[in-house]
Amino acid sequence: MAQDIKDLIIIGSGPAGYTAAIYASRANLSPVLFEGQVLGGQPGGQLMITTDVENYPGFPEGILGPELMTKFRKQAERFGTEILSQDVVKVDFKNQPFTLESSEGKTYQTKAVIIATGAAAKWLGLESEKKLQGHGVSACATCDGAFFRDKHVVVIGGGDSAMEEATFLSRFASQVTIVHRNETLRASQIMQDRAKKNPKINFILNAEVVEIKDVSQNKVTGVVLKDNAKNTTSELSCDGVFLAIGHTPNTKIFEGQVKLDKKGYIETTDGTKTNIEGIFASGDVVDHVYRQAITAAGTGCMAALDAERYLAQN
Ligand code: NDP
């Protein structure tokens, strides 16, 4: 049973969630923030699996991702945010007050909600990919690139992320091979051009990685490629595999509750408003274009201001 009705619940603990919490707690809304923990969530968001962050303003020497998130968290706590290390597993946004169910089986009621659950990297879904994660298979070049000094790495994907990751990896690796399943790249021209001009980067187009070797050695030694045109397979030796095939927004629990776009991101209008009055969304769960800590923090601030205004009017 619900004990009391909260003013504001924030779901998610990345830059968007914590920034919303800082603003909401300073506005005396006593927000409760679910940081996500149990269901494979990443408390602190994607910056927790990042090393150096050099583009967050205010840190001219750079800062480690986890350290930055610890500072966000402390700042939210300082002004009275109650942080719960639980996941939200079910929501009912059809009736006011809104109801949220946590992974501990508790029920919470609230007048307003800010969704800031972020997005997660996509994987191919291969057994070998799963077994070799952390042993040469990664979805974060920024985090793991430096382990591949003078090595040959494969980057999978044909979008801007793949170009960006490949360009970044070329700082360390001796060779970077971009493997893309289509004949044409999806990436913007400028990003393609940059990658194509880089002497360390080469492309294998119209090909898919169907297996990563070698699970028995517990390290990456190569990939099995399927040529989509000829329908043949071949092997390519490499020391690392980076996935850059996009992200999935963490919106499973909101299906049928708030309006999502066709990729599953939450649709917002007029700032951070969703189609349900009193439910706001911010950060990567909305934004599949910019996906930066600073933009997530910015929209987290907007969501708190929008929620504050909504609560004052209702
Ligand atoms: P995208 O969705 O743009 O691209 C994903 C790529 O991965 C596509 O080429 C897609 O192939 C491929 N892909 C998807 N699923 C699979 C699969 N199962 N197997 C093999 N390949 C697959 O994602 P990005 O992360 O690249 O970009 C997301 C957004 O972020 C874009 O709007 C992008 O512009 C932006 N961005 C901007 C950057 C910048 O400007 N600095 C940097 C990074 C991202 P296919 O083309 O065949 O569908």
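We're numbering straight along the sequence, starting at 1. We count ligands from 1, going down the list as the structure has it; atoms in each ligand are counted the same way. Every heavy atom of this structure was used, including side-chain atoms; hydrogens, water molecules and symmetry mates were not.
Of all protein heavy atoms, the one lying nearest to atom 44 (C) of ligand 1 is R291 NH2, 3.2 Å. With respect to atom 25 (O) of ligand 1, the closest heavy atom belonging to the protein is S161 OG, 2.5 Å. Atom 19 (N) of ligand 1 has L124 CD2, 3.4 Å as its closest protein atom, hydrogens excluded (heavy atom only). In terms of protein heavy-atom proximity, atom 30 (O) of ligand 1 is closest to H288 O, 3.3 Å. Protein heavy atom nearest atom 9 (O) of ligand 1, with residue, atom name and distance: G158 N, 3.0 Å. Shortest contact from atom 1 (P) of ligand 1 to any protein heavy atom: R186 CD, 3.8 Å. Atom 33 (C) of ligand 1 has D160 OD2, 3.4 Å as its closest protein atom, hydrogens excluded (heavy atom only). In terms of protein heavy-atom proximity, atom 35 (C) of ligand 1 is closest to V289 O, 3.5 Å.
Residue contacts with ligand 1, taken as heavy atom pairs separated by less than 4.0 Å, involve H180 solely via side-chain atoms from C-beta onward. The residue L185 has no part lying near ligand 1, judged by heavy-atom distances below 4.0 Å.
Of the listed options H247, R181, E208, R181 places a heavy atom closest to atom 21 (N) of ligand 1.
Classification of E267 and K259 as a salt-bridged pair holds, one side-chain N sitting under 4.0 Å from a carboxylate O. Here E164 does not pair with R194 in a salt bridge; the nearest charged N to carboxylate O distance is not below 4.0 Å. For the pair R291 and D284, the salt-bridge criterion is not met [side-chain N within less than 4.0 Å of a carboxylate O].
Y108 and I276 fall within the same hydrophobic cluster, where Ile, Leu, Val, Met, Phe, Trp and Tyr residues are linked whenever their side-chain heavy atoms come under 4.5 Å apart, directly or through other members. Residues L225 and F203 do not share a hydrophobic cluster, defined by chaining ILVMFWY side chains whose heavy atoms lie under 4.5 Å apart.
A cation-pi arrangement is present between R26 and F79 under the rule of less than 6.0 angstrom and at most 45 degrees off the ring axis.
Of the N or O atoms in K263, none lie within a sub-3.5 Å distance of an N or O in ligand 1. Of the polar atoms of M191, none of the N or O atoms is found under 3.5 Å from an N or O of ligand 1, judged by distance alone. Below 3.5 Å of separation, one finds an N or O of N182 facing an N or O of ligand 1.
When all heavy atoms of A166 and V176 are compared, the pair lying nearest together is CB-CG1, 3.8 Å. In terms of heavy atoms, G17 sits closest to L33 at O-CD1, 3.6 Å. Between S13 and E35, the shortest heavy-atom contact is OG-O, 3.0 Å.
Within ligand 1, counting atoms from 1 as listed, the ones closer than 4.0 Å to a heavy atom of G159 are 4 (O), 6 (C), 9 (O), 26 (O). In the vicinity of G246, heavy-atom distances shorter than 4.0 Å reach the ligand 1 atoms 23 (O), 25 (O).
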Q: In sequence, state the C-alpha distance, the side-chain angles, and the governing distance for K273 and D270, and then conclude on salt bridge (charged side-chain N to carboxylate O under 4.0 Å, His left out).
A: CA-CA 6 Å; K273 293 177 186 159; D270 190 15; 2.8 Å; yes
